[in-house]
There are 2 protein chains.
Amino acid sequence: MKISAQEEYGLRCLLQLARAEGMGESLTLSQLSRLEGISTANAGKLMWILSKAGLVQSTRGTKGGYSLARPASEIRLNRVIRVLEGEPAESHCKSYAGVLDACVHTGDCGIRPVIVELHQIVDNALADITLSQLLGTEANVDAALHQIQGIRPKDNRV
Amino acid sequence: MKISAQEEYGLRCLLQLARAEGMGESLTLSQLSRLEGISTANAGKLMWILSKAGLVQSTRGTKGGYSLARPASEIRLNRVIRVLEGEPAESHCKSYAGVLDACVHTGDCGIRPVIVELHQIVDNALADITLSQLLGTEANVDAALHQIQGIRPKDNRV
DNA sequence: TCTAATCTTGACTTAAAAGTAAGGTATCGC
DNA sequence: GCGATACCTTACTTTTAAGTCAAGATTAGA
Ligand code: FES
Ligand code: FES
């Protein structure tokens with residue numbers, strides 16, 4: 001249960017775009033790569049993924065670059081992470097079937113709900129955070145997040 | 001942000017041990033491998049990790065096998081997952097430094113708190129679940145988990 | 001004691017993720 | 001139009017995680 005490199009760097013680049021957005025500017029791949037200390041090729045790949053998902057907008061040609069497709073306050077982290085983590089993780093019971101054709105826990109299973117709920121918990125937490133909330137100072141961001149964790153909305157209770 | 005194969009299979013094996021525990025029995029590697037549809041070699045590796053961390057007890061020789069080191073009701077999932085996910089994930093800013101020596105976000109950083117809090121949220125959720133809670137029917141387990149997600153204890157508020 | 005069952009351990013192989021390279025296409029300014 | 005800038009896309013290489021193998025060590029029971 002850890003964050004992958006792609007998720008991490010993708011999110012960072014997105015944050016850089018959010019910062020630039022405030023000043024009405026867009027960023028090129030080489031700018032992004034310099035800002036985050038990754039190769040331009042890698043930045044390109046990340047941006048391609050994000051743009052395919054409609055999170056960022058790209059402009060070609062000289063004076064081109066990337067910018068957020070929507071205001072930073074409307075981009076929630078759960079969306080970002082889901083896009084960056086690749087495949088939609090097919091139904092769990094098919095991905096982790098061991099050497100067998102199907103999951104050995106047929107029908108009644110205590111594992112499945114744990115995994116599903118766990119992802120739900122993470123998703124809920126991430127859904128409460130927008131890009132714009134991450135632009136302040138570290139202390140402010142930290143404070144804001146603590147609050148969110150406390151005010152949890154409890155969606156799917158009856 | 002997804003669960004790894006090792007975490008998944010390790011947890012499943014542990015659950016099988018918890019079931020066997022109820023009947024005062026221990027399980028051998030070949031039994032575990034058959035129950036979970038993985039190779040005995042793989043089961044052996046997982047058990048070694050879990051035993052090294054003190055979560056399971058092993059008995060060698062004929063009539064040997066594995067059993068839980070403590071009652072299922074005292075084993076919390078956060079511990080299990082942390083053990084199975086390998087390295088303690090050194091300070092984040094060192095793991096994801098791109099091509100540079102250190103993290104480019106020096107000092108004031110909006111990313112770090114997100115990652116740290118996120119792991120905290122997951123850990124809190126997992127800490128509320130014990131192995132014994134996962135032994136019931138799928139419907140029961142699901143119901144129990146929903147409750148936990150709602151009653152969240154809010155540890156680190158002031 | 002001897003043997004069969006069983007765990008232990010490190011090295012090896014394979015599969016997946018991450019990152020890189022290169023050629024292609026669109027846009028701008030002259 | 002032409003060249004420079006910058007994104008687009010696919011294929012490849014490297015790195016890391018996952019899984020396997022094989023030789024060694026320990027115990028119960030005949
Ligand atoms: S994890 Fe697939 S049925 Fe249990
Ligand atoms: S992630 Fe390391 S300083 Fe921001």
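All figures in this text were calculated on a predicted structure; none of them were measured in a lab. Proteins come first, then strands; the chains are lettered A, B, ... in the order of their sequence lines, and each starts at number 1.
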Counting side-chain heavy atoms from CB outward, which of [options] is closest to [X]?
X       : options                : answer
A:Ala5  : C:dG19, D:dT20, D:dG19 : C:dG19
B:Asn42 : C:dA21, D:dT20, D:dA18 : D:dT20
A:Leu29 : C:dT8, D:dC7, C:dG19   : D:dC7
A:Lys45 : D:dT20, C:dA21, C:dA18 : C:dA18
A:Thr62 : C:dC7, D:dA18, C:dC28  : C:dC28
B:Arg60 : C:dT27, D:dT27, C:dT20 : D:dT27
B:Ala41 : D:dA28, D:dC21, C:dT20 : D:dC21

Phosphate contact ([N] OP1 or OP2) by [X] side-chain N/O below 4.0 Å:
X       : N      : value
A:Tyr66 : D:dC8  : yes
B:Ser58 : C:dT8  : yes
A:Trp48 : D:dT9  : yes
A:Ser39 : C:dT20 : yes

Looking only at non-hydrogen atoms, find the nearest pair between [X] and [Y] and report the distance.
X        : Y        : result
A:Arg70  : A:Glu21  : O-OE2, 4.4 Å
B:Asp128 : B:Gln133 : O-OE1, 3.2 Å
A:Tyr66  : A:Leu17  : O-CD2, 3.4 Å

Which whole-number value in Å describes the distance from [X] [atom1] to [N] [atom2]?
X       : N      : atom1 : atom2 : result
B:Gln31 : C:dA5  : CD    : C1'   : 12 Å
A:Glu85 : C:dA16 : CD    : C1'   : 15 Å
A:Leu50 : D:dC8  : CG    : C1'   : 15 Å
A:Lys52 : D:dC7  : NZ    : C1'   : 15 Å
B:Ile38 : D:dC21 : CD1   : P     : 14 Å
B:Lys2  : C:dA16 : NZ    : P     : 12 Å
A:Leu46 : D:dC7  : CG    : P     : 13 Å

>> Quick check: on DNA chain C, is the nucleotide nearest A:Lys63 upstream (toward 5') of the one nearest A:Gln6, or the reverse? Name the residue that is more 5'.
In response: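 Closest to the 5' end, via its nearest nucleotide, is A:Gln6.
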
>> Judged by each residue's nearest nucleotide on DNA chain C, which is more toward the 5′ side, B:Met47 or A:Glu7?
In response: B:Met47

Please classify the nucleic acid contact of [X] as base, sugar-phosphate, or nothing, using heavy-atom distances under 4.0 Å.
X       : answer
A:Thr59 : sugar-phosphate
A:Ser4  : sugar-phosphate
B:Gly44 : nothing

>> Among B:Val80, B:Ile75, B:Leu77, exactly one meets side chain to side chain contact (heavy atoms under 4.5 Å, CB included) together with B:Ile129. Which residue is that?
In response: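 With B:Ile129 as partner, B:Val80, B:Ile75, B:Leu77 yield a single side chain to side chain contact (heavy atoms under 4.5 Å, CB included), made by B:Leu77.
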
>> Test side-chain contact (heavy atoms from CB on, under 4.5 Å) on B:Leu11 and B:Glu7; report intermediate values, then the result.
In response: CA-CA 6 Å; B:Leu11 176 55; B:Glu7 291 164 326; over 6 Å; no

> Any side-chain heavy atom of B:His119 sitting closer than 4.5 Å to one from B:Met1?
Replying inline: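 Yes, at least one pair of side-chain atoms sits under 4.5 Å.
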
> Want to settle it: does B:Gly61 or B:Leu84 sit nearer the 5' end of DNA chain D, counting the closest nucleotide to each?
Replying inline: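 Here B:Leu84 is the residue nearer the 5' end.
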
